[in-house]
Structure formats: structure tokens, C-alpha cells
Amino acid sequence: MASDVLRELGKRIRARRKELGFSQEAFALAAEIDRSYVGGVERGERNLTFTVLCRLCEALGCDVAELTVALPKP
């Protein structure tokens, strides 16, 4: 189910953000995305675009493949 994929992706984004010591607010600022949107992504509530995913990955210092490898099938 697509929501499982989004929840897992959000979980990975949150874990990476915390690993780097970013608050949600600081992370959102670095990615140039609204903080409430970041919260929705991390909870798996947002079906983010590829462009937004790329901006998040840039702020996290990783590439898209690192966060999306072996995601559950939708």
C-alpha cells in the first residue's frame, strides 16, 4: 500500500535528520520547505514530489537512492 511506502520513507528521513542533529525547523530551513510540510513527510502523510525529495536529500547530505533503497512495494 502506498501509505506504507510513505511512512517508511518518512521514518528514514526523520532518522537521518536526527542523526545529523537537525531540528525539524532547521532542517526545513535548509531544504527551503515549510516546517509543517516536513512534519507531514516524516509522518508519511505527504506524497512528496521528486523535486521535494531531492531538496530534502540535499539538506541531509545524501542521495535519493540512499533513502529509497528497498522501500516496500506500493
Side-chain angles (χ1 to χ4, degrees):
M1 181 182 262
S3 60
D4 292 338
V5 173
L6 295 176
R7 274 194 295 272
E8 178 61 27
L9 179 59
K11 182 177 159 184
R12 292 177 186 189
I13 290 170
R14 178 183 291 126
R16 176 75 178 186
R17 171 181 65 78
K18 287 184 173 188
E19 181 180 300
L20 296 172
F22 275 122
S23 66
Q24 262 190 1
E25 190 171 342
F27 177 46
L29 187 62
E32 298 179 358
I33 295 170
D34 187 80
R35 192 216 46 84
S36 63
Y37 189 88
V38 170
V41 168
E42 290 186 353
R43 290 188 302 275
E45 299 170 353
R46 298 282 187 164
N47 189 5
L48 60 163
T49 66
F50 185 73
T51 303
V52 169
L53 180 58
C54 288
R55 286 168 51 189
L56 294 174
C57 287
E58 185 175 339
L60 293 172
C62 65
D63 63 21
V64 172
E66 187 175 331
L67 290 179
T68 59
V69 66
L71 281 174
K73 301 278 186 217

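Computed from a predicted structure; not experimentally measured. Note that these values count all heavy atoms, side chains included, but never hydrogens, waters or copies made by symmetry.
Judged as a salt bridge (Lys or Arg N to Asp or Glu O under 4.0 Å), the pairs with a partner in residues 56-66 (not counting sequence neighbours) are, in order, R16-E66. Screening residues 20-40 for salt bridge (Lys or Arg N to Asp or Glu O under 4.0 Å), with sequence neighbours left out, gives no hits. Residue pairs meeting the salt bridge (Lys or Arg N to Asp or Glu O under 4.0 Å) criterion with at least one member in residues 37-55, sequence neighbours excluded, are R14-E42, R17-E42, R43-E45.
Hydrophobic clustering (side-chain heavy atoms under 4.5 Å, transitive across Ile, Leu, Val, Met, Phe, Trp, Tyr) groups V38 together with F50. V41 and I33 fall within the same hydrophobic cluster, where Ile, Leu, Val, Met, Phe, Trp and Tyr residues are linked whenever their side-chain heavy atoms come under 4.5 Å apart, directly or through other members.
Remark: L48 CG to L56 CG distance equals 6.5 Å, nearest 0.5 Å.
Residues that satisfy the side-chain contact (heavy atoms from CB on, under 4.5 Å) test with A15, not counting sequence neighbours, are absent from this structure. With sequence neighbours excluded, the residues that form a salt bridge (charged side-chain N to carboxylate O under 4.0 Å, His left out) with E8 are R12.
In summary, of the residues considered (N47, D4, T68), a side-chain contact (heavy atoms from CB on, under 4.5 Å) with L9 occurs for T68 alone.
Here the shortest heavy-atom pairing between A59 and F22 reads O-CE1, 3.6 Å. The shortest non-hydrogen separation linking I13 to F27 is CG2-CE2, 3.9 Å.
Contact of the L60 side chain with the L67 side chain is registered, since non-hydrogen atoms from C-beta on lie closer than 4.5 Å.
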